Amino acid sequence: MKINLERLKNNLIELGWFGFDGNPDKEIPAGDNGITRLPYSTDYLKAEDYVRELMEKAGLKVWKDPAGNLFGKLSGKSEKGEMIVIGSHIDTVINGGLFDGSLGVMAAVESLRVLKENNYQNNHDLIAAVFTGEEGVKYPGYLGSRAFIGDKFSDKEIKELADTGVGEKELKESAVNTEKIKNYLELHIEQGQVLKEKAKNIGIVEGIVGISRYKALVTGKPNHAGTTPMDMRDDALLKASKVILEINRIVKELNGDHGRMVGTVGQLNLKPGAVNVIPGGTEFSIELRDMEKENIDKAIKSIENLEVKGLEIEEQFHEGGVYLDKKVQKEIAGAAEALNYDYLKMLSGAGHDASPMARVTSAGMVFVPSKDGISHSPEEWTDWQDVEKGANLILETVKKLDNKN
Ligand code: GLV
Ligand code: MN
Ligand code: MN
């Protein structure tokens with residue numbers, strides 16, 4: 001039993017046109033300004049309808065939960081209602097690529113379609129899941145998968161969702177009985193260069209980094225840019241620049257101890273933001289990633305202790321680092337060996353829906369290579385042979401997990 005690459009490829013390309021900002025006469029929606037599909041947007045909902053259609057064509061039972069997650073189920077023989085969830089997301093970053101998240105969703109639907117076509121008698125319910133709002137660009141990250149596992153959302157997070165029609169009630173109603181989730185599986189592009197460096201086509205993920213996001217504010221004094229002498233200014237941007245350089249230094253220094261912390265300032269906003277006014281306020285994001293929360297805490301403490309007047313930092317979001325289930329990793333490795341695929345065990349520096357899922361169930365992830373390690377970019381690319389390998393590995397692993405109690 002094998003997946004149908006031609007079909008999977010066509011479906012992935014069709015999905016990619018929703019939210020693509022570029023030349024519509026191209027063969028593939030890649031390059032130009034890439035794909036922007038923020039959760040709950042019109043393009044997102046159109047893309048979701050497309051996935052729903054595919055799920056129906058595959059013969060799955062389809063439904064959506066109040067948070068906006070979409071599911072397609074291949075019912076199992078067992079009466080116990082235990083499920084194996086195979087999922088990912090179809091929301092993108094701004095000007096994102098064709099594969100991030102979408103590959104995992106399309107591979108899940110394709111795998112279940114092939115099982116159904118082959119009259120496979122599954123024991124457990126097999127569920128293809130499209131989790132909404134994984135990226136955390138506009139709304140809290142891992143939104144859908146967190147709702148699915150019944151995670152608690154803070155008042156601040158619920159406020160951020162105000163324009164979506166999804167509130168506390170909808171999030172709560174979307175929670176399932178997590179004891180019924182036997183396993184979670186996700187195929188994803190690597191979004192880095194490790195596989196390429198090690199000349200492997202398959203990664204088996206051992207752990208996913210933790211992510212902490214903060215809002216920083218540096219306050220200065222807005223004043224006339226022409227009449228205020230250089231030594232009489234309190235320029236919020238100059239002070240923020242010092243903080244940003246220090247963040248880089250602090251993270252690199254901590255890295256010396258233990259390896260793989262990263263820190264990024266990706267958003268910056270000036271107040272009042274006028275060409276002839278000295279900045280009175282600078283607001284910027286700080287994102288820190290590491291497997292261990294302790295290291296993230298060390299970094300943020302050093303940043304908070306910088307001698308910069310008017311600096312305030314507030315934590316916005318935290319998802320802890322997780323190690324994925326060893327037994328599931330073994331099943332994936334066994335499936336890879338059966339398929340004759342060479343693999344590498346590795347950590348993930350990107351966040352995934354598998355992070356919250358791993359808090360409640362035995363979860364596993366498969367990576368396929370990203371060309372030149374590029375992702376969160378219109379240039380994101382994965383070779384079709386690798387897409388095929390990744391999807392076949394998911395199909396084989398699902399069968400193995402389904403045959404285990
Ligand atoms: C999610 O894709 C992230 O790692 O930011
Ligand atoms: Mn992703
Ligand atoms: Mn992403």
Side-chain angles (χ1 to χ4, degrees), residues 12 15-16 19 30 34-39 44 47 51 69 85-108 128-146 148 184-194 203 205 207-214 260-267 285-291 296 316-322 324 346-358 363-371 373-382 387 390-391 394:
L12 196 55
L15 178 66
I35 301 163
T36 302
R37 262 193 324 253
L38 300 184
Y44 182 90
V51 180
N69 296 315
V85 181
I86 315 133
S88 201
H89 60 98
I90 57 167
D91 64 308
T92 68
V93 293
I94 295 166
N95 305 126
L98 181 62
F99 296 87
D100 180 357
S102 298
L103 171 63
V105 165
M106 287 311 183
V130 185
F131 291 121
T132 197
E134 185 269 353
E135 295 286 6
V137 173
K138 190 165 176 198
Y139 304 114
Y142 313 113
L143 181 66
S145 42
R146 284 179 59 203
F148 185 69
Y184 177 71
L185 259 189
E186 183 168 353
L187 172 66
H188 206 281
I189 51 168
E190 180 200 351
Q191 309 179 277
Q193 308 224 51
V194 178
V205 182
I208 305 172
V209 284
I211 305 178
S212 290
R213 295 184 175 134
Y214 309 82
R260 46 173 302 134
M261 174 179 276
V262 288
T264 307
V265 173
Q267 294 170 322
S285 60
I286 304 174
E287 194 198 70
L288 300 172
R289 299 188 183 210
D290 197 290
M291 282 307 292
I296 291 179
Q316 301 284 98
F317 171 87
H318 174 71
E319 177 71 37
V322 289
L324 298 184
M346 61 187 293
L347 291 173
S348 171
H352 300 290
D353 289 307
S355 285
M357 293 303 289
M365 268 197 97
V366 172
F367 275 174
V368 285
S370 294
K371 185 164 183 282
I374 295 173
S375 182
H376 283 184
S377 153
E379 304 307 323
E380 197 171 78
W381 189 257
T382 294
V387 164
I394 289 293

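Not measured: the values here are computed from a predicted model. When a ligand or atom number is given, it counts from 1 through the structure's own listing order.
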The Mn ion (ligand 3) - name of the N/O/S atom of D100 that sits closest to it: OD2
Per-atom contacts, ligand 1 versus R213 - under 4.0 Å to a heavy atom: 5 (O)
Contact summary for I189 and S370, nearest pair of heavy atoms: CB-OG, 3.6 Å
Parallel, tilted or perpendicular: ring planes of F99 versus W381, cut at 30 and 60 degrees: perpendicular
H352 near the Mn ion (ligand 2): N/O/S under 2.8 Å: no
E186 and S88 side chains, donor-acceptor separation under 3.5 Å: yes
Sidechain-backbone polar pair: E319 side chain, Y142 backbone, donor-acceptor under 3.5 Å: no
Per-atom contacts of ligand 1 with G351, taking only distances under 4.0 Å to non-hydrogen atoms: 1 (C), 2 (O), 3 (C), 4 (O)
Heteroatom distance test (H376, ligand 1): nitrogen or oxygen, under 3.5 angstrom: yes
For the Mn ion (ligand 3), the closest N/O/S atom belonging to E135: OE2
Numbering as shown, the atoms of ligand 1 that approach E135 to under 4.0 Å (heavy-atom distance): 1 (C), 2 (O)
Numbering as shown, the atoms of ligand 1 that approach R289 to under 4.0 Å (heavy-atom distance): 3 (C), 4 (O), 5 (O)
Listed once per pair and sorted, the salt bridge (Lys or Arg N to Asp or Glu O under 4.0 Å) pairs that draw on residues 133-145, sequence neighbours left out: K138-D163
Side chain, backbone, both or neither: H89 near ligand 1, heavy atoms under 4.0 Å: neither
Check: F131 main-chain N/O paired with S145 side-chain donor or acceptor under 3.5 Å: no
H376 backbone or side-chain N/O/S under 2.8 Å from the Mn ion (ligand 3): yes
Atoms of ligand 1 close to E134 [distance to a heavy atom under 4.0 angstrom, numbered from 1]: 1 (C), 2 (O)
Considering all heavy atoms, the nearest I208-S355 contact: CG2-OG, 3.2 Å
Per-atom contacts, ligand 1 versus A350 - under 4.0 Å to a heavy atom: 4 (O)
Candidates D91, T36, T92 - the one meeting side-chain contact (heavy atoms from CB on, under 4.5 Å) with Y44: D91
